[in-house]
There are 2 protein chains.
Amino acid sequence: MIYFKNSEYQCSMELTLELIGGKWKSLILWYLGENTLRFSELKKALPKVTQKMLTQQLRELEQSGLVNRYIYTQIPPKVEYSLTPAGKSLLPILTSLCEWGQNYVNEIEPSGQPTACQADKQLVSPK
Amino acid sequence: MIYFKNSEYQCSMELTLELIGGKWKSLILWYLGENTLRFSELKKALPKVTQKMLTQQLRELEQSGLVNRYIYTQIPPKVEYSLTPAGKSLLPILTSLCEWGQNYVNEIEPSGQPTACQADKQLVSPK
DNA sequence: CGGTATCCCCATTGATACTG
DNA sequence: CAGTATCAATGGGGATACCG
């Protein structure tokens, strides 16, 4: 049994899922990657996530120390998000997961269009 | 954009999360590991999951081709679950996630008790 | 034992409006 | 622009009962 932040977990996997198992968390971490993105950029990259949800999940990731939040005190406001070292340390694993998903699709449906992990992300980064 | 099973996904990560992002799916895959477990054993290993949820998540994992379900036609019934090759191919990544979680805890709370991934699982396997 | 089938609640999420 | 605040709705998930 693991005790952490007033909760108990049966195993490390359960704890890990508490940190990144939220509905959109892995996806947010993945799209942040090595980049620094403004809130609106993140919102555009994740159109299926509502503003409310995005804010909420970002706050939790921030509490967990996986995401940095930098506020420019100006009007109109500007807020930038990036991964902390702890967050970045997760990226290799997320890459593996992504590749696993690609292999899965290719084996189930070999007819499908070729997919590429990095290409996915580049679709959203250029202005 | 990736099309798969009548749904469209923005990237491979989104697809992967569809497969294993369910509330308990990663945990189920993790506890199955290389083992073959009966429904009741799985239920005991995951006390926080209700029978309904466990059944439901297992069905979805089965549909996705990650879990085998073998039914002994006898009374009382006996059903055994195990990972398919596709499911097992995920285990190294789950192990990495687990280890990442341990490192995270140790860095945030160095005072904590030593944790071990494998030890976690052994707690539930003996009788 | 390993499930369905029902009922039902409340937590998560969405939609909308407002603000520094 | 990047949020909060509020209210409303939906469906995820719990509890219970029953079945092959």
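Chain letters run A, B, ... following the sequence lines, proteins first and then strands; every chain starts at 1.
- Residue contacts shown for Y72(A) are absent, as no nucleic acid heavy atom lies under 4.0 Å away.
- Picking from dT6(D), dA2(D), dG13(D) the nucleotide with the shortest atom distance to the side chain of K52(A) gives dT6(D).
- Comparing atom distances between the M53(B) side chain and each of dG3(D), dT4(C), dG14(D) picks out dG14(D) as nearest.
- Classification of the Y70(B)-Y72(B) ring pair by plane angle, with boundaries at 30° and 60°, yields perpendicular.
- Atom CG of L54(B) and atom P of dG14(D) are 11 Å apart (whole Å).
- What separates CZ of F39(B) from P of dT4(C) is a distance of 9 Å, to the nearest Å.
- Following rounding to the nearest Å, Q57(B) (CD) and dG14(D) (P) show an atom-to-atom distance of 10 Å.
- Proximity of Y81(A) to E41(A): side-chain heavy atoms (C-beta onward) are nowhere separated by under 4.5 Å.
- In this structure, the CG atom of L58(B) is 11 Å from the P atom of dG2(C), given to the nearest Å.
- Side chain Q51(B) to base dG3(C): a donor-acceptor pair is found below 3.5 Å.
- Rounded to the nearest 0.5 Å, atoms NZ (K44(B)) and CG (L37(B)) are 11.0 Å apart.
- Look at NZ on K78(B): it is 17 Å from C1' on dG3(C), rounded to the nearest Å.
- Within the nucleic acid shown, K23(B) comes within 4.0 Å of sugar-phosphate atoms alone, with no base atom in reach, counting heavy atoms only.
- Along DNA chain C, the nucleotide nearest to S40(B) and the one nearest to P76(A) differ in position, and the one closer to the 5' end is contacted by S40(B).
- Put simply, R59(B) has a side-chain N or O that comes within less than 4.0 Å of OP1 or OP2 on dT4(C).
- The distance between atom CG of L42(A) and atom C1' of dA2(D), rounded to the nearest whole Å, is 12 Å.
- Contact of the L66(A) side chain with the L83(A) side chain is not registered, since no non-hydrogen atoms from C-beta on lie closer than 4.5 Å.
- Closest contact between the side chain of R38(A) and the listed nucleotides dG2(C), dC1(D), dT4(C) involves dC1(D).
- If you take NZ of K44(A) and P of dA2(D), they are 11 Å apart, rounded to a whole angstrom.
- A close approach under 4.0 Å does not occur between any side-chain nitrogen or oxygen of Y70(B) and OP1 or OP2 of dG2(C).
- The nucleotide whose nearest atom lies closest to any side-chain atom of P77(A) is, among dA15(C), dG3(C), dA2(D), dA2(D).
- The hydrophobic cluster containing L61(B) also contains I108(A), counting ILVMFWY residues as joined when their side-chain heavy atoms lie under 4.5 angstrom apart, directly or transitively.
- Look at CD on Q56(A): it is 7 Å from P on dT13(C), rounded to the nearest Å.
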